[in-house]
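Report on the following structure.
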Amino acid sequence: LNIEFRQCCDCRASVVAALFSVSVLPPFTHQAALCFTSLSHIHTCELPNKNCPRMFSTQSGFSSLCLLVIFSASVLCLQTVVTSGLDGGMPVESGSSAAARQAKQKRKSHSLSIRRTNSTEQDRSGLQRDMVEGQDSKLPLSLRSNLLDLFSQIEREFENLYIENLELRREIETLNDRLTAEGQTFEGADLAKGALKTKASHSTSQLSQKLKTTYKASTSKIVSSFKATTSRAVCQLVREYVGHRDGIWDLSITRTQPMVLGTASADHSAMLWSIETGKCLLKYMGHQGSVNSIKFHPTEQMALTASGDQTAHIWRYMVQLPTPQPVADISQTPCEDDVDFSDKDEADCEVEGPNDCPSIRVATTTLRSHQGVVIAADWLVGGKQVVTASWDRAANLYDVETSELVHSLTGHDQELTHCCTHPTQRLVVTSSRDTTFRLWDFRDPSIHSVNVFQGHTDTVTSAVFTVGDNVVSGSDDRTVKVWDLKNMRSPIATIRTDSAVNRISVSVNQKIIALPHDNRQVRLFDMSGVRLARLPRSNRQGHRRMVCCSSWCEENSTCNLFTCGFDRQAIGWNINIPVLLQEK
């Protein structure tokens, strides 16, 4: 067995190559020697070297190393037996043939260097010296001994890694047992024990991905799930509003009584829903394209919708609320920050729209002048003017009574994505794909100032006002920034997330930011950027597709947060954020 230092032909790192010398082995082991040479690629400097394309896994490498040691020991034993037989342990041939064999063996004795040892010599030198001296090599004896010690260290290192792996598995099982005892379920629990219940339709790849996620979870997250918290955010799914035939882009709640929920869908319709019962009260079908936005008049029963047919419609509605039904008994679920029961997408099902829902097909006012999709629209304070945002890179200001275009707000370099108005002042903020959002000031009729906010690196999906002097912007760059209108040079807070952020909303009283994500999650943050909670999502509740929009309604005692997404449903939540938790 020749053990040499060589250089890896792929990663150029120093490696130890264990090569069998063909001259030592019988002819029938020549192919075996080549096979073992290709497997004995073991790094010594970096173990393992993941950058080397030929580096094999820890388990297979350890198996190959053991196979090398066993095979070399077998060769040594075979040679020892042959030598012992030549010295008298085996039958000796008679005549000249025996003498010739003995002479040939003496000529090879200086190269093989195989010594016969008695019991006293074995006690003194040991098995390691026998293996070193029983090989034909040009390496010094001390160097070969060091190499054998090195292989022993490698074996011990693999053994330590294996033991550490077993200990980590036992720790995870212990944590899962504790979670099960507390009535919680942790993602990636031991599937064999049934701590995590999954559907039979889960594929093998999805299960393996769950296991990978478990072992990659940081220790801080695991430990944080066991911390006893005296005050925790409680998020309860109250009602689901199902009836649209395509994804829901936007939703809003009326500002006057009766209080209803409005949704805008890609199925060319907008619907009004009873918040308490989840029943459809009215369906608007006047648009010829996707309905991208819906907003309600501040004092009258009028709705403003923006559509992909390049128009915005104002239409009046009259609804009668049905008798409230008792809310289903849904146990309150703490808002889990790190629990996700399932990533399984539910199969798309055809949802039949409400058959007994009255409909409106004609708008009271139609606003035209855009040359592209109208992506959003909103009422200015007072309700006498509206602003629209379009993919033609412009925002238009209209007079509601005359339907005339008052101002065309240009300046964005790419398509607009959203627009929002201040609740008490004549201010408008527009967001765009050009990574900026702009503040338009109409408080002075003679001066229409504009300020540009540059803080994102990707599309700004929405920018909304708060009751105070703040603007909160969300972007596809996975960040949310809080800005002060008095100092617009840099944001006062930045929230970094793991997914693109869509149309956000800020609660009026508690000033909690609701972030809908592309990855089907909804997270809650305060204005300083501290995460308060994450809405529960599993294969039984929550959104199953991208969440497009969120909207607060703190006046309603049943549902104070609404979300909608491309799973064709809107969801009403009851969120309870203790004051103590917000102060943290």
Side-chain angles (χ1 to χ4, degrees), residues 238-287 289-308 311-322 353-354 357-365 374-379 383 386 388 400 418-421 423 462 464 502-503 505 514 516 547-556 558-566 568-573:
V238 179
R239 199 168 305 281
E240 296 178 345
Y241 304 88
V242 181
H244 281 290
R245 297 177 179 271
D246 208 337
I248 303 176
W249 288 115
D250 195 18
L251 53 74
S252 180
I253 297 91
T254 57
R255 308 182 194 180
T256 59
Q257 296 296 333
M259 188 172 294
V260 297
L261 170 68
T263 55
S265 172
D267 63 2
H268 300 189
S269 70
M271 289 187 179
L272 304 185
W273 306 81
S274 169
I275 296 177
E276 287 74 15
T277 64
K279 180 181 179 181
C280 178
L281 305 177
L282 184 64
K283 187 174 183 179
Y284 179 72
M285 304 177 64
H287 284 290
S290 170
V291 184
N292 303 319
S293 173
I294 182 170
K295 289 292 185 293
F296 293 99
H297 194 277
T299 58
E300 301 182 26
Q301 293 187 1
M302 291 193 298
L304 170 66
T305 53
S307 174
T311 65
H313 290 182
I314 299 175
W315 42 279
R316 292 185 175 272
Y317 64 89
M318 292 185 62
V319 294
Q320 184 176 1
L321 297 180
C357 181
S359 61
I360 298 177
R361 297 181 180 271
V362 180
T364 304
T365 303
V374 183
I375 195 65
D378 201 357
W379 302 85
V386 298
T388 58
V400 174
H418 190 253
C419 67
C420 180
T421 59
S462 64
V464 297
N502 296 311
R503 294 182 177 179
S505 64
V547 187
C548 299
C549 180
S550 63
S551 180
W552 289 93
C553 180
E554 295 175 292
E555 296 79 6
N556 190 280
T558 305
C559 302
N560 55 2
L561 177 63
F562 296 88
T563 58
C564 65
F566 247 62
R568 309 178 188 179
Q569 67 173 346
I571 298 179
W573 305 86

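When every heavy atom of Ile294 is checked against every heavy atom of Gly262, the shortest pair comes out as CG2-O, 3.8 Å. Closest heavy-atom contact between Leu281 and Gln320: CD2-O, 4.0 Å. When all heavy atoms are compared, the tightest approach of Leu282 to Tyr317 is CD2-CB, 3.4 Å. Across Thr277 and Pro322, no two heavy atoms sit closer than the pair OG1-CG, 3.5 Å. Shortest non-hydrogen contact noted between Ser290 and His268 is N-CD2, 3.5 Å. Contact between Ile375 and His418 at its shortest, heavy atoms only, is CG2-N, 4.1 Å.
Looking only at distances, no side-chain donor or acceptor of Ser265 sits under 3.5 Å from a matching main-chain atom of His244. Distance alone, capped at 3.5 Å, places no donor-acceptor pair between the Ser359 side chain and the Lys283 backbone. With Ser462 contributing its side chain and Asn502 its backbone, the two residues share a donor-acceptor pair below 3.5 Å.
You'll find the ring centres of Trp249 and Phe566 inside the 6.0 Å limit.
Here Ser293 pairs with Asp250 under the side chain to side chain donor-acceptor pair (under 3.5 Å) rule; sequence neighbours left out. Partners of Thr364 by side chain to side chain donor-acceptor pair (under 3.5 Å), not counting sequence neighbours: none found.
Annotation: the span from Met285 atom CE to Trp315 atom CH2 amounts to 12.0 Å, rounded to 0.5 Å. Taking OH of Tyr284 as the start and OG of Ser269 as the end, the distance is 11.5 Å to the nearest 0.5 Å. The CG atom of Asp246 sits 6.0 Å away from atom CZ of Arg568, with the distance rounded to the nearest 0.5 Å. How far CG of Asn556 is from CD of Glu276: 5.5 Å, rounded to the nearest 0.5 Å. Taking CD1 from Ile314 and NZ from Lys295, the interatomic distance works out to 14.0 Å, rounded to the nearest 0.5 Å.
For the pair Glu300 and Thr256, the minimum side-chain heavy-atom distance is 4.5 Å or more. When side chains are defined from C-beta on, Val374 does not count as touching Asn292, because their heavy atoms never get closer than 4.5 Å. Between Pro258 and Gln301, the closest side-chain pair of non-hydrogen atoms falls below 4.5 Å. Using a 4.5 Å heavy-atom threshold, the side chains of Ile275 and Phe562 count as touching.
No side-chain donor-acceptor contact under 3.5 Å links Ser252 and Ser551.
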Intermediate values then yes/no, side chain to side chain contact (heavy atoms under 4.5 Å, CB included), Met259 and Cys553: CA-CA 10 Å; Met259 188 172 294; Cys553 180; 3.5 Å; yes
Check against side chain to side chain contact (heavy atoms under 4.5 Å, CB included), Ser550 and Thr563: CA-CA 4 Å; Ser550 63; Thr563 58; 4.1 Å; yes
Side chain to side chain contact (heavy atoms under 4.5 Å, CB included) between Leu251 and Leu261, worked out: CA-CA 7 Å; Leu251 53 74; Leu261 170 68; 4.2 Å; yes
Candidate pair Thr299 and Trp379, rule side chain to side chain contact (heavy atoms under 4.5 Å, CB included), full reasoning: CA-CA 11 Å; Thr299 58; Trp379 302 85; over 6 Å; no
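Below 30°, between 30° and 60°, or above 60°: for Tyr241 and Trp273 the angle between ring planes is above 60°, a perpendicular geometry.
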